[in-house]
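Below: the structure, in structure tokens.
Note on naming: letters A, B, ... go to the chains in the order of the sequence lines (proteins, then strands), and numbering restarts at 1 for each one.
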Amino acid sequence: MEEIQNKIRREVVQLLSEGQVDVVIGFEQGSLPLRATPFFLRDIADANRLVWSPFCENNLATYLTKIQGKRVGLIAKGCDVRSVVALLVEKQIHRDHIVIIGVPCQGMVDRRRIEREVDGEILKAHQEGEEIIVEGRDFRKSLPRKEYIYPSCKRCEHRNPLIYDTLIGEKLVEEAERAYHEVEAFEKLSPDKRWSHFSEETSRCIRCYACRQACPMCYCAECFVDSSFPKWIEKGLDPSDVQFWNIVRAYHQTGRCVGCGACERACPMEIDLVYLTQKINRDVKELFGFEAGLDLDPPPPLSTYRVDDEQEFIK
Amino acid sequence: MKKLPKEKVKPFVEKLLQDYEVLGPMETAGFASFGRIMSPGELKLNYQNSKKTPKEAFFPQWEVMFRYRSTGQSVEVKSAEDTGRRRILFGIRPCDIRAALLLDLVFDSLDFKDPYYINKRKGTIVVGLGCNHPASTCFCTSVNGGPFSREGADFFMTDLGDGYLVEVLSQKGRKLLRGFDGKEASEEDKERAKAIADSATRGISSVIEADGLMEKLEKLTEAPFWDFLHEKCLGCGICTYLCPTCHCFDMADEAFDLKGQRVRCWDSCLFPLFTLETSGHNPRPTGRERIRQRIMHKFNYFFYTHKAIACVGCGRCIIHCPVNLDIRRVIDDIHRE
Ligand code: SF4
Ligand code: SF4
Ligand code: SF4
Ligand code: SF4
Ligand code: SF4
């Protein structure tokens with residue numbers, strides 16, 4: 001980790017000093033244990049604030065559509081890079097405005113799950129080899145990193161950045177298979193069970209839109225929930241409105257979701273609806289042979305039309 | 001002062017449940033939240049600040065104010081407010097009580113009275129619970145509060161380990177003693193409570209520099225500081241929706257055919273719609289102006305109108321911000337500017 005961190009810093013110093021980028025987006029030490037925080041770096045003197053750790057959980061590609069017009073160096077994990085690819089395919093960003101500093105990713109740890117493993121507040125955390133060590137007022141506990149990575153990291157098939165300008169560290173052996181096991185398990189449930197899971201999860205939603213804001217692919221200038229004319233949805237917490245919001249957010253990701261898990265990580269109410277985007281991802285893969293964020297060439301299936309389309313319904 | 005042994009808590013709460021709606025800390029999906037409890041077993045009193053705040057008891061995220069119906073000739077309007085409720089907020093932390101006192105300044109002021117808020121607030125008895133182990137993110141002592149501040153409580157409890165030391169602090173609080181089966185607290189209990197409170201207060205490890213903050217912000221309105229502060233902010237509603245003092249709302253008519261309802265629901269200055277005008281102009285067009293509004297409102301504007309800081313140091317915005325944008329660091333940076 002430390003070696004990777006040093007390499008990142010050296011790379012960034014070079015990029016900035018050569019004037020290749022205006023700003024680098026990476027991570028610095030967070031203010032809480034188990035946290036790193038996004039860092040917009042402009043001054044070489046601050047390069048030693050950059051960190052790389054299992055706590056770098058945010059998808060930094062989210063910022064690319066917000067920081068238009070600047071040349072950005074992006075410190076990017078596998079899923080951040082998939083988002084970059086998807087944004088390029090959707091023509092939201094310019095490749096020549098971005099320098100990708102790719103970092104193969106071993107998975108980011110699920111801070112909330114770790115917090116639940118101990119009684120009392122965690123005051124310190126660090127990584128030691130393959131263990132995450134957490135300490136509190138009257139405890140010290142060591143947890144195997146691998147077991148505590150986020151569910152989205154567990155099913156990740158592209159830990160190595162697919163495209164990059166510089167790669168930091170060695171490529172990892174890709175190991176996940178069965179990327180769709182949550183949705184497969186969910187499909188086996190009875191309709192009643194599926195409905196009760198969905199309605200229970202959505203009943204906690206406070207419509208803070210953190211899921212949308214954290215998602216690199218949710219970049220619409222005006223989200224449907226923010227449109228007041230026409231008004232598609234009411235503003236309150238009536239279950240039908242909250243459910244509608246959650247379903248439409250997922251559906252707007254059809255053929256676009258890169259499965260990074262940023263939505264889940266940001267949700268303060270820990271709402272588990274990932275099977276929705278997974279289901280759609282799998283359908284798009286089966287129907288169109290397309291997975292978002294893997295390839296720069298094919299146009300996204302839901303925004304193209306082919307005269308010789310073999311599907312009957314489209315003619 | 002009285003003492004309520006731990007085994008007597010259950011019957012005490014059961015008694016309260018007969019006469020009141022009781023809202024308290026409970027566990028939802030693995031985290032502490034504030035909600036209505038139906039049995040004493042649901043209470044989780046050893047919690048560190050609940051994720052959702054008790055402010056919802058007075059100022060729900062979403063409420064129907066009135067319903068209307070047109071008959072063609074006339075319009076019928078009917079208030080949707082339930083005025084007969086008797087409620088208890090049980091086991092609420094001192095910072096959250098202080099937040100209610102700040103909300104009182106907004107919704108129950110000399111020149112403006114909000115009947116929906118006031119009705120719920122007046123019908124509620126506040127049972128405070130001291131914080132034996134404040135979280136590392138708590139900075140209540142920097143903003144005129146404290147882990148054992150009794151300000152605003154009708155009834156106050158200190159966890160002594162084997163029971164609670166109970167103090168009645170108002171006429172409203174006295175009513176609760178009717179179902180009370182505890183004994184007088186001993187001198188030793190009182191001393192123990194004092195020691196716990198002192199050590200908790202000393203244990204507050206976070207501070208913000210509130211002195212001079214308002215004046216400092218005054219000079220910073222157009223500073224480049226804001227250009228960079230907002231960069232990592234996602235512009236979500238977490239830090240405002242989970243803040244016990246935030247009180248912005250929007251009103252909307254949900255109408256269909258000849259009938260409808262007017263609802264009021266929370267709004268957040270971090271949202272793009274917050275001050276969007278009909279013309280399409282938005283005085284707060286980007287994250288820069290939005291996060292500035294959040295900071296300015298809490299530490300400057302609110303001070304102007306109400307002579308208080310609109311932050312009680314509960315730390316929720318620190319813990320739950322998805323990008324770890326920490327208000328303590330923001331304030332440190334402001335002082336450094
Ligand atoms: S919907 Fe969620 S998992 Fe999919 S791209 Fe957006 S943030 Fe990532
Ligand atoms: S982040 Fe969670 S609580 Fe917030 S709108 Fe999304 S699903 Fe709802
Ligand atoms: S919770 Fe964090 S990311 Fe969300 S609006 Fe507040 S400061 Fe920004
Ligand atoms: S601003 Fe943050 S610390 Fe202050 S009262 Fe609100 S949530 Fe608590
Ligand atoms: S303006 Fe912002 S910070 Fe102030 S009360 Fe409203 S939502 Fe909270």
Side-chain angles (χ1 to χ4, degrees), chain A residues 23 25 30-33 35-40 42 55 57-58 60 62-63 66-67 112-113 115-116 119-123 136-137 200-201 203-204 206-215 221-223 225-229 231 234-238 241 262 265-272, chain B residues 28-31 33 46 48 51-52 60-64 133-137 203 205-206 228 230-242 250-254 261 263-268 270-273 276 278 286-287 315-316 318-329:
Chain A
V23 56
I25 311 178
S31 68
L32 299 173
R35 292 308 295 262
T37 179
F39 180 35
F40 289 65
R42 291 181 172 82
F55 313 128
E57 64 167 45
N58 304 96
L60 301 180
T62 301
Y63 296 116
K66 300 182 177 130
I67 192 166
R112 296 188 278 219
R113 244 188 86 214
E115 276 160 10
R116 264 177 215 129
D119 281 329
E121 192 190 0
I122 294 172
L123 299 172
R137 205 158 31 93
E200 264 166 42
E201 291 299 310
S203 73
R204 293 199 302 278
I206 56 170
R207 293 183 70 174
C208 66
Y209 305 133
C211 47
R212 173 188 78 187
Q213 297 306 103
C215 173
E222 186 184 65
C223 177
V225 293
D226 290 335
S227 160
S228 45
F229 193 75
K231 182 162 81 170
E234 304 293 358
K235 304 194 87 171
L237 292 187
D238 188 280
D241 289 315
R265 293 173 200 185
C267 176
M269 305 318 284
E270 304 182 42
I271 291 168
D272 168 30
Chain B
T28 330
F31 51 78
S33 179
N46 61 343
Q48 251 176 354
K51 193 175 274 188
K52 287 178 85 183
Q61 176 160 5
W62 173 65
E63 69 184 318
V64 180
H133 301 296
S136 66
T137 41
S205 55
S206 284
F228 301 106
H230 76 95
E231 278 187 313
K232 71 177 175 185
C233 170
L234 298 172
C236 67
I238 295 179
C239 56
T240 47
Y241 280 11
L242 297 184
D250 190 9
M251 277 190 279
D253 277 7
E254 298 183 350
Q261 55 189 21
V263 299
R264 143 157 108 180
C265 44
W266 292 352
D267 201 349
S268 164
L270 277 315
F271 286 162
L273 270 188
L276 181 65
T278 321
T286 70
R316 286 181 178 91
I318 303 169
I319 299 169
H320 304 298
C321 170
V323 295
N324 186 223
L325 200 157
D326 188 325
I327 199 160
R328 296 169 299 179
R329 287 200 172 169

Given a strict heavy-atom distance threshold of 4.5 Å, which part of Leu237(A) is in contact with chain B: side chain, backbone, both, or neither?
-> both
Do Lys235(A) and Glu254(B) have side-chain heavy atoms sitting under 4.5 Å apart?
-> no
Part of Arg328(B) within contact of chain A (heavy atom distance under 4.5 Å) = side chain
Does Tyr209(A) reach the main-chain N or O of Gly237(B) with its side chain, forming a donor-acceptor pair under 3.5 Å?
-> no
Considering only heavy atoms and a distance below 4.5 Å, find which of Leu325(B), Leu276(B), Val323(B) pairs most often with chain A.
-> Val323(B)
If one checks every heavy atom of Asp238(A) against chain B at 4.5 Å, the contacting part turns out to be both
To the nearest 0.5 Å, tell me how far Ile319(B) CD1 sits from Glu121(A) CD.
-> 7.0 Å
Contact leader toward chain A among Ser205(B), Gly287(B), Ala252(B), Ala29(B), where contacts are heavy-atom pairs under 4.5 Å | Ala29(B)
Could you give the distance from SG (Cys215(A)) to CG (Leu234(B)), rounded to the nearest 0.5 Å?
-> 11.0 Å
Are Arg204(A) and Thr28(B) close enough that some pair of their side-chain heavy atoms sits under 4.5 Å apart?
-> yes
Top residue by heavy-atom pair count (under 4.5 Å) with chain B, among Arg137(A), Arg207(A), Arg212(A), Glu200(A)?
-> Arg137(A)
Between chain A and each of Gln48(B), His320(B), Glu63(B), count heavy-atom pairs under 4.5 Å; write down the option with the most.
-> Gln48(B)
Of the listed residues (Ala262(A), Cys223(A), Ser228(A), Ala210(A)), which shares the most heavy-atom pairs with chain B below a 4.5 Å separation?
-> Ala210(A)
Less than 4.5 Å apart, any side-chain heavy atom of Met269(A) and any of Lys52(B)?
-> yes
Heavy-atom contact with chain A under 4.5 Å, split by part of Thr240(B) | neither
Would you mind telling me which of Thr37(A), Leu123(A), Thr62(A) has the largest number of heavy-atom pairs within less than 4.5 Å of chain B?
-> Thr37(A)
When rounded to the nearest 0.5 angstrom, what distance separates CD in Gln61(B) from CD1 in Ile206(A)?
-> 6.0 Å
Could you tell me the separation between the CZ atom of Arg42(A) and the CZ atom of Phe228(B), rounded to the nearest 0.5 Å?
-> 4.5 Å
Less than 4.5 Å apart, any side-chain heavy atom of Gln261(B) and any of Glu234(A)?
-> no
Go through Asn324(B) and Phe55(A) one step at a time and tell me if the side-chain contact (heavy atoms from CB on, under 4.5 Å) criterion holds.
-> CA-CA 11 Å; Asn324(B) 186 223; Phe55(A) 313 128; over 6 Å; no
Under 4.5 Å heavy-atom distance to chain B, tell me which part of Arg116(A) shows up: side chain, backbone, both or neither.
-> side chain
For Glu231(B) against Ile67(A), the heavy-atom pair lying closest together = OE2-CD1, 4.1 Å
Assert top hit (heavy-atom pairs under 4.5 Å, partner chain A, pool Ser136(B), Cys265(B), Cys321(B), Gly235(B)) equals Ser136(B)
Top contributor to chain A interface from Thr286(B), Ile238(B), Asp326(B), Leu242(B) [non-hydrogen pairs under 4.5 Å] = Ile238(B)
Select one option (side chain, backbone, both, neither) describing which atoms of Glu115(A) are under 4.5 Å from chain B's heavy atoms.
-> neither
Within a strict 4.5 Å, meaning less than it, do heavy atoms of the Phe271(B) and Asp226(A) side chains meet?
-> no
Below 4.5 Å from any heavy atom of chain B, which atoms of Ile25(A) appear? Answer side chain, backbone, both or neither.
-> neither
With a 4.5 Å limit on heavy-atom distance, are the side chains of Trp62(B) and Asp241(A) in contact?
-> no
Per-residue contact mode, Asn46(B) against chain A (heavy atom under 4.5 angstrom) = neither
